[in-house]
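Structure first, commentary second.
Sequence positions, counted from 1, serve as the residue numbers for this chain. Predicted, not measured: the structure shown is a model, and the values here were computed from it.
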Amino acid sequence: VEPFIFPMRAPCAATSVLASIVWLICVHAAWLWPSVASVVIVKARGGSTASLEAYSVVVDAGSTGSRVHVFRLDRASGHLLDEAEVERTTTPGISACAANRSLLPTLLGPLLSAAEDAVPKGMQPATLVTVQATAGLRLLPGQQAESILQDVRGL
């Protein structure tokens, strides 16, 4: 596998480096720690393939809260162009849904709506959405964690 090389095109080099690190960690967590990482990937069909850019949405469903990141990528090289300014966080963490899974839409719905607002309408059908839920879910028994992930897939 050839590593991605991310250009420093953001106004602040530190921001670009941080966005690159977050993207790499989120996208590759399941490969690095398959027994710990729980990843739900949804890819819609269709969308414009004529665009020179692509979008990727990563929901970081952590133990204390969840955040959304929207990345804009160069379609040809896969290089990170920038991270959209999406300031949306929800609490509590996704593991709180073990006792009450009806909380899931309340926790993840606003994040998915914010991501939808950040991705151009024509690009939404081809946008990859990844939910990374490692921290809180690894503390739950396997079946409880899997039940939560099944519900996430249904959102």
Side-chain angles (χ1 to χ4, degrees), residues 1-34 36-97 103-138 148-155:
V1 174
E2 186 175 320
F4 289 110
I5 301 170
F6 298 105
M8 299 296 175
R9 295 187 187 182
C12 173
T15 302
S16 182
V17 168
L18 181 60
S20 298
I21 291 169
V22 168
W23 186 80
L24 277 172
I25 289 170
C26 291
V27 172
H28 298 292
W31 180 74
L32 294 172
W33 303 289
V36 174
S38 301
V39 182
V40 178
I41 299 176
V42 178
K43 181 159 183 179
R45 303 193 192 298
S48 171
T49 56
S51 175
L52 298 177
E53 61 190 24
Y55 287 81
S56 178
V57 174
V58 177
V59 177
D60 173 12
S63 58
T64 60
S66 299
R67 294 143 296 283
V68 66
H69 304 277
V70 179
F71 300 100
R72 188 170 62 97
L73 309 163
D74 179 277
R75 183 180 293 279
S77 68
H79 292 186
L80 178 67
L81 298 175
D82 58 29
E83 181 178 1
E85 295 288 329
V86 180
E87 299 290 328
R88 193 67 184 198
T89 302
T90 59
T91 56
I94 195 171
S95 59
C97 297
L103 286 175
L104 263 171
T106 304
L107 293 177
L108 297 182
L111 301 177
L112 295 174
S113 292
E116 185 177 24
D117 292 342
V119 175
K121 294 277 185 226
M123 299 299 296
Q124 289 176 6
T127 297
L128 179 69
V129 177
T130 307
V131 177
Q132 299 285 334
T134 59
L137 288 186
R138 77 171 158 229
I148 290 172
L149 291 175
Q150 279 300 111
D151 289 350
V152 169
R153 288 180 186 104
L155 290 178

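Every residue was checked against the side chain to side chain donor-acceptor pair (under 3.5 Å) condition with Glu116, not counting sequence neighbours, and none meets it. Residues satisfying the side-chain contact (heavy atoms from CB on, under 4.5 Å) test with Thr90, not counting sequence neighbours, are Ser66, Leu107, Pro110, Leu111. Arg67 pairs by the side chain to side chain donor-acceptor pair (under 3.5 Å) definition with Asp60, not counting sequence neighbours.
Note that CE of Met123 is 10.0 Å distant from CZ of Arg72, once rounded to the nearest 0.5 Å. We find the CG-CD1 distance between Leu103 and Ile94 to be 10.5 Å, quoted to the nearest 0.5 Å.
Minimum heavy-atom separation, Cys97 to Ile148: C-CD1, 4.0 Å. Contact record, Ser95 with Ser63: OG-O, 4.3 Å, taken as the closest heavy-atom pair. Closest approach of Val86 and Ala118 over heavy atoms only: CG2-CB, 3.7 Å.
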When you look at Glu53 and Arg75, which way does the salt bridge (Lys or Arg N to Asp or Glu O under 4.0 Å) test go after all the steps? CA-CA 5 Å; Glu53 61 190 24; Arg75 183 180 293 279; over 6 Å; no

Let's go through Gln132 and Thr130 carefully: what are the C-alpha distance in whole Å and the side-chain angles of both, what is the deciding distance for side-chain contact (heavy atoms from CB on, under 4.5 Å) to 0.1 Å, and is it a yes or a no? CA-CA 6 Å; Gln132 299 285 334; Thr130 307; 3.2 Å; yes

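Using a 4.5 Å heavy-atom cutoff, the side chains of Leu73 and Tyr55 are not in contact. No side-chain heavy atom of Val58 sits less than 4.5 Å from a side-chain heavy atom of Val70. The side-chain heavy atoms of Val119 and Val57, taken from C-beta on, include a pair separated by under 4.5 Å. In this structure the side chain of Leu112 never reaches within 4.5 angstrom of the side chain of Val68, judged on heavy atoms. By the 4.5 Å heavy-atom criterion applied to side chains, Thr91 and Thr64 are not counted as neighbours.
The one candidate from Leu149, Leu155, Asp151 that meets the side chain to side chain contact (heavy atoms under 4.5 Å, CB included) condition with Arg153 is Leu149.
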